[in-house]
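Keep in mind that what you see is a predicted model, and the values were worked out from it rather than measured.
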Amino acid sequence: MCTLEKTGNNIFFLTLTGDDEHRLNPTLIDSILSALRQAKSQATRGSVLITTSRGKFFSNGFDLAWAQAAGSQNKATERLLHMVELLKPVVAELINLPMPTIAAVNGHAAAAGLILALSHDYVHMKRDRGVLYMSEVDVGLTIPDYFTALFRAKVGSPSALRDVLLRGAKVKGDEAARMGIVEAAHDNEERLSEATVRLGEQLGSRKWLGEVYKEIRKSLYPELCGVLGLSVAKLTAKL
């Protein structure tokens, strides 16, 4: 499950709770989507979202154990594809959220868990623990179209895309920052928290109009928005 809390400085904290791997199953995905929609409904000028988690993992991807519990290979595949479809609105909601978004990756972010992190505007992670890892090439799964579109939108280096998607590289904090996948790596959880809150406060202090912010964001990623079914509105400036 997850919780959503709003602080006095207009920052929403979405936290994946518990000390497990935060595997993305239908229950957790629905909880995240509900929290994002709640934040959207309460957004005002200067709102910011920070997403983080408790425990060793940010998210270790889809709940493959839940899929395999279906009892047969065909039913397990159906459950996996169901989770792929369920996560798509979460990515769309983050791309369409009328506020800046920050992922504070305080542990491993693998496969769909990395997709969740990359759906934010800014990604910070810990230096001392946790890796970014797309396991699909190692476990024999193809990558959904919106996963690929998100990577192309957010990771500008062809060699970084190759290493993450085609080599299954397990990328630690400093290397992820050099590759341009994350903004920065921090020594421990306290410094990660301080950095993301500080960034959130800086962004929130600008008091941007959320509707304008989200449309500019969407205009940066036309391929991704096309795959997600998001249209880009034409806003008229009030001068």
Practice prompt. Decide whether W66 and L81 are clustered together by the hydrophobic rule: side chain heavy atoms of Ile, Leu, Val, Met, Phe, Trp, Tyr closer than 4.5 Å, transitively.
Written response: no
Worksheet, complete the sentence: For L49 and M99, the nearest pair of non-hydrogen atoms, with its separation, is N-SD, 3.7 Å
Fill in: Nearest heavy atoms of R23 and L64, plus distance in Å
NH1-CG, 4.2 Å
Practice prompt. Using a 4.5 Å cut-off on heavy atoms from C-beta on, say whether the side chain of L118 contacts that of I181.
Written response: yes
Fill in: Joint cluster assignment, L161 & Y221, ILVMFWY side-chain distance < 4.5 Å
yes
Worksheet item: Should V123 and V155 be regarded as members of a common hydrophobic cluster, given that ILVMFWY residues are connected when their side-chain heavy atoms come within less than 4.5 Å of each other, either directly or indirectly?
Response: yes
Worksheet item: Salt bridge check: are K218 and E215 linked by an N-O gap of less than 4.0 Å?
Response: yes
Item to complete: Nearest 0.5 Å please: distance from the CD atom of E78 over to the OG atom of S72.
Response: 7.5 Å
Discussion item. Treating S205 as the side-chain partner and Q202 as the backbone partner, does any N or O pair qualify as donor plus acceptor under 3.5 Å?
Written reply: yes
Worksheet entry | T52 versus F58, closest heavy-atom pair with distance | CA-CE1, 4.1 Å
Practice prompt. Not counting sequence neighbours, which residues clear salt bridge (charged side-chain N to carboxylate O under 4.0 Å, His left out) with R162? List them please.
Written response: none
Fill in: Backbone of T101 reached by a side-chain donor or acceptor of D121 within 3.5 Å
yes
Fill in: Single-linkage hydrophobic cluster, 4.5 Å side-chain cutoff, L36 and L28 together
yes
Practice prompt. Please check if the side chain of R127 supplies one atom and the backbone of A185 the other of a donor-acceptor pair under 3.5 Å.
Written response: yes
Practice prompt. Flag the pair L114 / Y133 as yes when at least one side-chain heavy-atom distance between them is below 4.5 Å, and no otherwise.
Written response: no
Worksheet entry | With Y146 via ring pair (Phe, Tyr, Trp, His ring centres under 6.0 Å) - residues at least two apart | none
Discussion item. Using only atom types and a distance under 3.5 Å, with no angle test, would you say the side chain of S193 pairs donor to acceptor with the backbone of E189?
Written reply: no
Discussion item. Just verifying a value: how many Å separate L199 CG and I102 CD1, rounded to the nearest 0.5 Å?
Written reply: 4.0 Å
Worksheet item: Tell me, do V182 and V105 make a side-chain contact under 4.5 Å, heavy atoms counted?
Response: no
Worksheet entry | From R191 atom CZ to R198 atom CZ, the distance as rounded to the nearest 0.5 Å | 10.5 Å
Item to complete: Using side-chain contact (heavy atoms from CB on, under 4.5 Å) as the criterion, list what pairs up with E136, not counting sequence neighbours.
Response: A111, M134, L141, I143, F147
Worksheet, complete the sentence: Output for pair (H186 NE2, D174 CG), nearest 0.5 Å, gives 10.5 Å
Item to complete: Report yes or no: do V84 and L165 belong to one cluster of Ile/Leu/Val/Met/Phe/Trp/Tyr joined by side chain heavy-atom distances under 4.5 Å?
Response: yes
Worksheet item: Does the S119 side chain pair with the main chain of I115, one donor and one acceptor, at a distance under 3.5 Å?
Response: yes
Worksheet item: Which atom pair, heavy atoms only, marks the closest approach of A76 to A70?
Response: N-CB, 3.8 Å
Worksheet item: How long is the span from the CD atom in E183 to the OG1 atom in T196, to the nearest 0.5 Å?
Response: 12.0 Å
Worksheet item: Any side-chain heavy atom of M125 within less than 4.5 Å of one from L192?
Response: no
Practice prompt. Would you indicate whether the side-chain heavy atoms of V164 and L132 approach each other to under 4.5 Å?
Written response: no
Item to complete: Spell out, as yes or no, whether a donor-acceptor pair under 3.5 Å connects the side chain of T15 to the backbone of T3.
Response: no
Discussion item. Within the structure provided, determine whether L24 and M83 are in side-chain contact (heavy-atom separation under 4.5 Å).
Written reply: no
Worksheet entry | Set of side chain to side chain donor-acceptor pair (under 3.5 Å) partners for R79, sequence neighbours left out | none
Practice prompt. Any pair with a residue in residues 81-91 that passes side chain to side chain donor-acceptor pair (under 3.5 Å), sequence neighbours left out, goes on the list, sorted by first then second residue, please.
Written response: none
Practice prompt. State whether the side chain of H108 and the backbone N or O of F57 hold a donor-acceptor pair below 3.5 Å, judged by distance alone.
Written response: no
Discussion item. I'd like to check I32 versus L16 (side-chain heavy atoms, cut-off strictly below 4.5 Å). Are they in contact?
Written reply: yes
Item to complete: May I ask you to check whether over 12 heavy atoms, not counting those of K6, lie within 6.0 Å of atom NZ?
Response: yes
Discussion item. Looking at H120, is its backbone amide N or carbonyl O close enough to the side chain of K154 to form a donor-acceptor pair, meaning the two atoms are under 3.5 Å apart?
Written reply: yes
Worksheet item: Can you check whether A109's main-chain N or O pairs, donor with acceptor, with H22's side chain at less than 3.5 Å?
Response: no
Discussion item. Within this structure, what is the OG-CG distance for the pair S31 and L4, rounded to the nearest 0.5 Å?
Written reply: 9.5 Å
Discussion item. On a heavy-atom basis, which atom in L33 and which in E93 lie closest, and how many Å separate them?
Written reply: CD1-CB, 4.1 Å
Discussion item. Looking at R167, I want to see if its CZ is surrounded by more than 12 non-hydrogen atoms of other residues, nucleotides or ligands under 6.0 Å.
Written reply: no
Worksheet, complete the sentence: By salt bridge (charged side-chain N to carboxylate O under 4.0 Å, His left out), D128 pairs with (sequence neighbours left out) K126
Worksheet, complete the sentence: Between K40 and P98 the two heavy atoms that sit nearest each other are CG-CD, 3.8 Å
Worksheet item: Do the non-hydrogen side-chain atoms of L86 and N25 ever get within less than 4.5 Å of each other?
Response: no
Discussion item. Donor-acceptor check, side chain of S219 to backbone of I216, threshold 3.5 angstrom: yes or no?
Written reply: yes
